[in-house]
Amino acid sequence: VPSLPAAPFLYPIVDAALLGGRPLDVSVGALARGGAALVQLRAKQLADDELARAAREAVAAARRAGVLLLVNDRLDVARIAGADGVHLGQRDLRPSDARRVLGGDAVVGLSTHTLEQVDAAAGEPVDYVAFGPVFPTRTKSDPDAVVGLELLRQARARCRRPLVAIGGITLANAAAVAAAGADGAAVISALLSAADLEAAARAFVAVLRGRPD
Ligand code: TZP
Ligand code: MG
């Protein structure tokens, strides 16, 4: 069973639309060298054939780097590409279906946006629960309401699974996210806007572990 990284871990989400021409495989490798052990591929704009190709490329790069690769939204693509798992939203296929298709060894994550959804996740066969947006984000179109650090603390207290914070996490607020009890920090724009992905990941890992440079 692939296990999640030790907390507090960085969880980079590689959004294909934000790579700015950087090759996907090189980007996954750089994030891994920077200390990320779990990476998600998110590619909402790609056509299915391109998405499957991207997922295969990301999985191959993750294997070479020795890190886990999850596919956002798409159980079928995760299965086709041999990904380590899938990350599902509230309106995607259900975790129980993902578990049936991918098996007990896969990593299945679920997005939640309210404490009620966090509670409901307790009954789902998921390996971690993501909660957010913790801070305002411009990456997600039509985002849910910002939950903030206090609700993150409450979510942590009532969730028995690893809890991943997401939404607007930067180097400036990552320490507060870890202090609120998040086991992981999922980050898109604050990583992908950096010129040096490896250095950016390394800086996040250091801040999450409480020893910034
Ligand atoms: N789900 C909740 S917020 C979010 C997703 C996918 C976007 C996070 O992106 P960023 O750039 O780290 O705010
Ligand atoms: Mg989704």
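Just follow the structure's listing: the first ligand is 1, and inside any ligand the first atom is 1.
If you look at the Mg ion (ligand 2), the protein N, O or S atoms less than 2.8 Å from it are Asp73 OD1, Asp92 OD2.
Residue nearest to atom 2 (C) of ligand 1, selected from Val147, Ile166, Thr170, Thr139: Ile166 (by heavy-atom distance).
Salt bridge absent: Arg53 and Asp48 never bring a charged side-chain N and a carboxylate O closer than 4.0 Å. Of the charged side-chain nitrogens involved, at least one lies within less than 4.0 Å of a carboxylate oxygen, so that Asp73 and Lys44 count as a salt-bridged pair. Using a 4.0 Å cut-off between a side-chain N of Lys or Arg and a carboxylate O of Asp or Glu, Arg99 and Asp127 qualify as a salt bridge. Salt bridge present: Arg100 and Asp97 bring a charged side-chain N and a carboxylate O closer than 4.0 Å.
Between the side chain of Asn72 and the backbone N or O of Gly89 there is no donor-acceptor pair closer than 3.5 Å.
The minimum heavy-atom distance between Leu163 and Phe131, with the atom names listed, is CD1-CB, 4.0 Å.
Between Pro133 and ligand 1, not a single N/O pair is under 3.5 Å apart. Taking any N or O of Ser189, backbone or side chain, at least one lies under 3.5 Å from an N or O belonging to ligand 1.
Near Thr137, meaning under 4.0 Å from any of its heavy atoms, are these atoms of ligand 1: 3 (S), 7 (C), 8 (C), 9 (O), 10 (P), 11 (O), 13 (O). The ligand atoms of ligand 1 that sit less than 4.0 angstrom from a heavy atom of Gly168 are 10 (P), 12 (O), 13 (O).
The hydrophobic cluster containing Leu208 also contains Val187, counting ILVMFWY residues as joined when their side-chain heavy atoms lie under 4.5 angstrom apart, directly or transitively.
Ranking the protein heavy atoms by distance from atom 12 (O) of ligand 1 puts Ile188 N, 2.9 Å first. Here the heavy atom of the protein found nearest to atom 3 (S) of ligand 1 is Gly167 CA, 3.6 Å.
Classified by interplanar angle (parallel below 30°, tilted 30° to 60°, perpendicular above 60°), the ring pair His87/Tyr128 is parallel.
Among Lys140, Gln40, Arg42, the single residue meeting the side chain to side chain donor-acceptor pair (under 3.5 Å) criterion with Asp15 is Arg42.
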